[in-house]
Amino acid sequence: MHFVTGGAFNGKGKWVRQQYPEDTAWFSATEYDTWPAPDEALNSIVILEGLEAWIQRELDRSLSTNILLDRNMNKAEAWLEWEQNKDNRKLVLIGTDISKGIVPVEKESRLQRDITGWLYQRLAAHAERVDLIWYGISETLKK
Amino acid sequence: MDTGKLIFITGGVRSGKSAFAERLAVKHAREADTSLHYIACGIPSDTEMQERVKRHQRDREKSGFTWRTWEQPVHLSHIAHQFTGQDVILLDCVTTLLNNYLFQEETTDTKIVADLVQEDITALCSRADEIIIVSNEVLQDIPYEDKLTLNYQKVLGHVHQKIVKRANLAILVESGIPLVKKGRLE
């Protein structure tokens with residue numbers, strides 16, 4: 001799994017498209033409201049774009065942060081498993097860094113930042129490769 | 001077309017990006033024995049902004065080098081002809097320029113705004129020897145729900161990407177320390 005992060009509108013998607021020009025299936029949060037589920041019929045490079053948006057939609061103030069984190073991690077793990085099941089599969093995750101603003105007034109937004117940060121840490125730990133994109137320029141954080 | 005060197009410097013609020021940019025501009029102007037120009041896009045509309053402007057002016061005076069200041073909130077391309085091939089220009093900053101186009105001039109079409117900023121930069125590059133552009137890091141915040149802010153971030157992100165692509169040197173300043181993202185800092 002390859003995890004790609006960086007600020008909003010920094011060209012993360014564009015960079016990934018350059019790295020993986022063909023044989024890709026894109027699942028973007030602009031089209032999918034919630035985490036898409038893996039499809040065993042897919043045998044290619046799968047790109048999941050907009051993790052921060054899917055995390056936001058999983059938010060539920062009545063649940064504990066641990067449960068929310070696990071819930072998102074489970075969705076990601078289903079894809080990690082999909083990737084493991086066959087050699088010709090590859091998973092690329094794109095998540096926007098939302099961690100460097102002022103502490104939000106709304107509890108839900110604070111929760112979103114927490115869950116997103118924790119999930120990214122876990123994903124980065126799992127990943128074979130991690131890249132940080134800054135206005136189109138990549139910096140490999142892990143390989 | 002012969003174009004000048006483009007240097008992009010960004011960072012968070014009070015990261016020391018302006019001070020770093022000013023030091024770099026002074027150093028280069030001194031080495032090349034040329035004139036220093038400062039393009040100020042900020043409109044001192046209230047006392048807080050006046051304070052900020054004054055602080056930056058005092059800092060520049062301390063540099064011991066004479067700056068020529070151009071107060072130009074928009075359409076920097078209109079003053080491009082004032083510069084010559086040896087000049088070093090410091091533009092501080094892109095976010096203010098963008099604000100002025102969007103909210104003072106009320107140009108709502110984001111594509112037009114992005115093009116206008118590009119046009120300004122191209123015009124300055126085609127005249128001066130070196131242009132140093134300062135901007136802000138504001139794209140790592142929680143996503144905004146309102147269209148206005150989201151649109152603003154989108155244009156800013158695109159403008160930054162274009163500037164970085166074109167830049168000979170791109171630097172992110174963290175707590176006063178320059179991190180070179182593109183090119184080499186000599």
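Computed over heavy atoms, backbone and side chain alike; hydrogens, waters and symmetry mates excluded. Proteins get letters first, then strands, A, B, ... in listed order; numbering begins at 1 in each.
The number of heavy atoms from other shown groups lying within 6.0 Å of CG (B:Leu185) is above 12. Counting non-hydrogen atoms of other residues, nucleotides and ligands closer than 6.0 Å to NZ of A:Lys90 gives a total above 12. More than 12 heavy atoms of other shown residues, nucleotides or ligands fall within 6.0 angstrom of atom NZ in B:Lys182. Atom CD of B:Glu31 has more than 12 heavy atoms from other residues, nucleotides or ligands within 6.0 Å. Dense packing is recorded around NZ of A:Lys142, with more than 12 heavy atoms of other residues, nucleotides or ligands lying under 6.0 Å away. The environment of CD in A:Glu22 is sparse: at most 12 heavy-atom neighbours from other residues, nucleotides or ligands sit within 6.0 Å. For B:Asp33, the CG atom counts as loosely surrounded, since its 6.0 Å shell holds 12 or fewer non-hydrogen atoms of other residues, nucleotides or ligands.
The CG atom of B:Asp141 sits 8.5 Å away from the CD1 atom of A:Ile98 when rounded to the nearest 0.5 Å. Atoms CD1 and CD, on B:Ile142 and A:Glu108 in that order, are 9.5 Å from each other to the nearest 0.5 Å. Within the model, atoms CD of A:Glu106 and CD of B:Glu145 stand 9.0 Å from one another, a figure rounded to the nearest 0.5 Å. Atom CG of A:Asn10 is separated from atom CD of B:Glu137 by 7.0 Å, given to the nearest 0.5 angstrom. To the nearest 0.5 Å, the span separating CD1 on A:Ile137 from NZ on B:Lys181 amounts to 8.0 Å.
The aromatic rings of A:Tyr135 and B:His160 lie perpendicular to each other, with more than 60° between the two planes, well past the 30° mark.
Under the 4.5 Å side-chain criterion, counting only non-hydrogen atoms from C-beta, B:Pro143 is not in contact with A:Gln56.
The side-chain contact (heavy atoms from CB on, under 4.5 Å) with A:Trp134 is formed by just one residue from the set B:Thr10, B:Leu139, B:Leu179; it is B:Thr10.
Between the side chain of B:Gln161 and the main chain of A:Phe9, a donor-acceptor pair closer than 3.5 Å is present.
With a threshold of 4.5 angstrom between heavy atoms, A:Ser99 approaches chain B through N, CA, C or O but not through any side-chain atom.
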